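Right, one structure below, let's go through it.
Here the structure is a predicted model, which means the values were calculated and not measured.
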Amino acid sequence: MKRINVSFHPRHFPELRKLHTRIIVSSPTKPEFEPDGTSVHYNLLGHVLDTNPDHKTLITVHSRIILQNLRCDSALGVKLMKAYAALKDVESARKVFDEIPERNVVILNVMIRSFVNNGFYREGIQVFGTMCGFDVRPDHYTFPCVLKACSCSGNVVIGKKIHGSATRVGLASTLFTGNGLVSMYGKCGFLSEARLVLDEMSRRDVVSWNSLVAGYAQNQRFDDALEVCREMEFVKVSHDAGTMASLLPAVTNTTRDNVMYVKDMFLNMGKKKSLVSWNVMIGVYMKNAMPVEAVELYSRMMEADGVEPDAVSITSVLPACGDTSALSLGKKIHEYVERKKLIPNLLVENALIDMYAKCGCLDRARDVFEKMKSRDVVSWTAMISAYGVSGKGRDAVALFSKMQDSGLVPDSIAFVTTIAACSHAGLLEEGRSYFKLMTDHYKITPRLEHLACMVDLLGRAGKVKEAYSFIQEMSVEPNERVWGALLGACRMHADTDIGLLAADKLFQLAPEQSGYYVLLSNIYAKAGRWEEVTKIRDIMKSKGLKKNPGASNVEVNGEIYTFLVGDRSHPQSDEIYRELDVLVTKMKELGYVPDSESALHDVEEEDKETHLAVHSEKLAIVFALMNTEEGEEDNNAIRITKNLRICGDCHVGAKLISQITSREIIIRDTNRFHVFRFGVCSCGDYW
DNA sequence: GTAGGGTTAG
C-alpha cells in the first residue's frame, strides 16, 4: 500500500485529528485503513472538502475517495469540484466532472461556476449549451452565472440568447436572473435593455439598482448613473457600499461636485459604513488627484468607525503617501502590514515599493523588492522607475535585464519606464536600443507614451533636430505630451526655431495650458528676445491664463505642510522669511548670485508685485530646517515634493543650503529626484 | 449565487 502523505492542520479541524492520528500510528507496512473502505468515514471526507482545504490536503482526500471506490459519488464529486475550483485548479474540477456519470442541474451548475469564476467564460457557456442535450433545465442558479460569463467577456450576442432561454423557462424577471441580465446589458453598453429588464422585474433589491448604476458608470455616463442613485432614494432603497463602488468608474478626473456627491453618499451611510465604502471613498479621492484627503480619510477609518484597513485600503492609500512624500505614514502602514500579516500580497508589496521610491527611499524600496516571494512585471517596473527617477540609469537598465532573465515578458509600461530612466541619466544609445528591442523583438507597437519618451531622450541629450524628425516620421498623430517634450528640450538647448514650431502646435492642442506659454517665454528670454517675452505675457493676460502656482509639500513630525509660492499664510511665516534672509546672506558669502535667468522662468515674476515671490521649495526647506533636528539614517533628510519643475535658482540654492547646514535635501519635482548633499546634486546638473 | 473596492509610466 502506498503511503499517503498527509499534511493537515489538525488545530483548525478537530475532527481531522482522529484521521491524522490514525495515519501516524499506522506502520508503513500495514494498510492505513481497512480494505472495506470504512475507516475514513464518508461524512468526514465531505466535511474536509467543505472547509477550504489546501491543495495538498485536497489531493490526499481525493486519493482516498478514489481508493474507497467513491469516484462516481455525485455528492462528493460536487464538493471535490468546488474545492478544486476554489484553488483555481479548473482542470482537476473538469476531470472530476467527467468521472461523475450523473448529469443533474447541480452538477452542471457547479461545473459552469468553476469555469466562470476562474475566467473560463467560453467553457462555462459551452457547458450551459450541453444542458439541453442532457434534458436538464437551467434554474435560477444557472442564469446569474452564465450571464456573468457574458458580461465579463462582453458577449452580448450570447447574452441575448441566454435572455431568451431565461424567458422561456419563466425566470427572466426573477430577482437573481434579472440582476444578472441588468448587469450583463449594462456592462455591454446596452443601457436601455438593462433598464427594460429592471422595470419588468417582479422584485428588485439594492443589487438590481447597483447593477444599473454600474452599467451607466462603466460607460462613462456619470449623470445617468447619478440619476439612478436619486431614483433609488425616491423608491426608498438605501445606497450601500456597492452603490459607491459601482459609481467608481465614472468618477475619475471628474468635477468637484461629483466627488462631493459621492462623499455625501458616504457620509449619509452613517453607522452603516463598511470597509468597502471607506476604501471606495479613498479610491475616489485618489482618482481625482486629492491625495491629502485620501490620507486623512485613511487615518480616520480606524478611530472613527473601528474599521480595520485591509489590503485594498492599504493599496489604495499608499500611492497617496508617495504623492505627498508622507514617509512617516508610509512607514507606519508598512509596520501595520507586517503586523497584520497582509503580505505576501503582490499588490501591497508593489505599492510599498512605489511609496518608498516616491519618498526617495531607494534602499527601503529595494528591501521590499528583495524580500518578495514572487514578483510580477509591475514589481520590476516600480523598481526600475525608482532607479530611473533617482538618475541611476545604469541600475535601472541592469534591473531590466534581470527581469528578462527571470522569464517575465516586459510590457508596454516597462518600456516607457526604462526608456525614461535612460533619458534621465543621459543614456542615449541604451534608450534607443530599448525602443528597438520593444518594436523589433517584443513586437509592441509604440504608443504616444513611448514616442514622448523618445523625444525626451533625444531632446534632452541635445539631439533636438533628430527629435523633431522623429516626430515627423511618426505614424501616429503626436499629442500634447510629445510636443511638450520637444518644447522642453528646446528650452534646455536654446533652440528658438524648433521651439516656436512646437509651441505653435501646443497652443492649438492645449490653448489653456499656461505652462507652455511660460516655456516659450523662457526660450525667448534666454535668447534675449524681450519683445516676444512681453508679447507672450500679453497673450496670457488677454486669455486670462494664470501660471500654475508652485506648491511644495514637506513632512515635518508626521504632518504634511503645503507651501505655495510667496506663501505667507503659515503662522511661522515671519520667522521663515527671517531665517531665509540669514541663509541667503551665508549663501552669498559662498558666491551665490540670485539667478536672473531663473527669475524669468516665471512670466508673472516680471510683474513688480510678484517679483519678490519666494519659490515654494525655499519656504518648505527653511520651515523644515527650523522644525526638525538632524537625525540618523533616512530621518536626516528633508523631503520635499513639488508640483512643477525645480528652477535653476532653487537648484543652486538647495545645493548651497545642503552645504551650509550639512542636511540632506531631497526634492522630487514633476520629473525626478534631486538629492542635495554637501553642495552637490545627484542629478549632476543634468535635468 | 447576482452588482461592487487595489499596484507600475508619462
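Looking at A/R230 and A/E233, no side-chain N of the basic residue comes within less than 4.0 Å of a carboxylate O on the acidic one, giving no salt bridge. Under a 4.0 Å N-O distance rule, the pair A/R195/A/E231 qualifies as a salt bridge. Taking 4.0 Å as the cut-off between side-chain N and carboxylate O, A/D323 and A/K358 do not count as a salt-bridged pair.
The stretch residues 192-200 of chain A has no heavy atom under 4.0 angstrom from DNA chain B at all. At a non-hydrogen distance threshold of 4.0 Å, A/I413, A/V416, A/T417, A/A420 from residues 404-421 of chain A come into contact with DNA chain B.
Between A/I314 and A/Y336 there is a side-chain heavy-atom pair separated by less than 4.5 Å.
Nucleotide B/dG6 holds its P atom 14 Å from the CE atom of A/M301, rounded to whole Å. Going from atom CD of A/E480 over to atom P of B/dA9 covers 19 Å, rounded to whole Å.
Using a 4.0 Å heavy-atom distance criterion, A/N345 is classed as a base contact. Base engagement by A/T381 is indicated by at least one non-hydrogen atom pair under 4.0 Å involving a base atom.
When distances are taken from the side chain of A/A351 to each of B/dG6, B/dT7, B/dA3, the shortest belongs to B/dT7. For A/E449, taking side-chain heavy atoms from C-beta onward, the closest of the listed nucleotides B/dG10, B/dG6, B/dT2 is B/dG10.
For A/E370, the side-chain hydrogen bond (donor to acceptor under 3.5 Å, both in side chains) partners are A/R366, not counting sequence neighbours.
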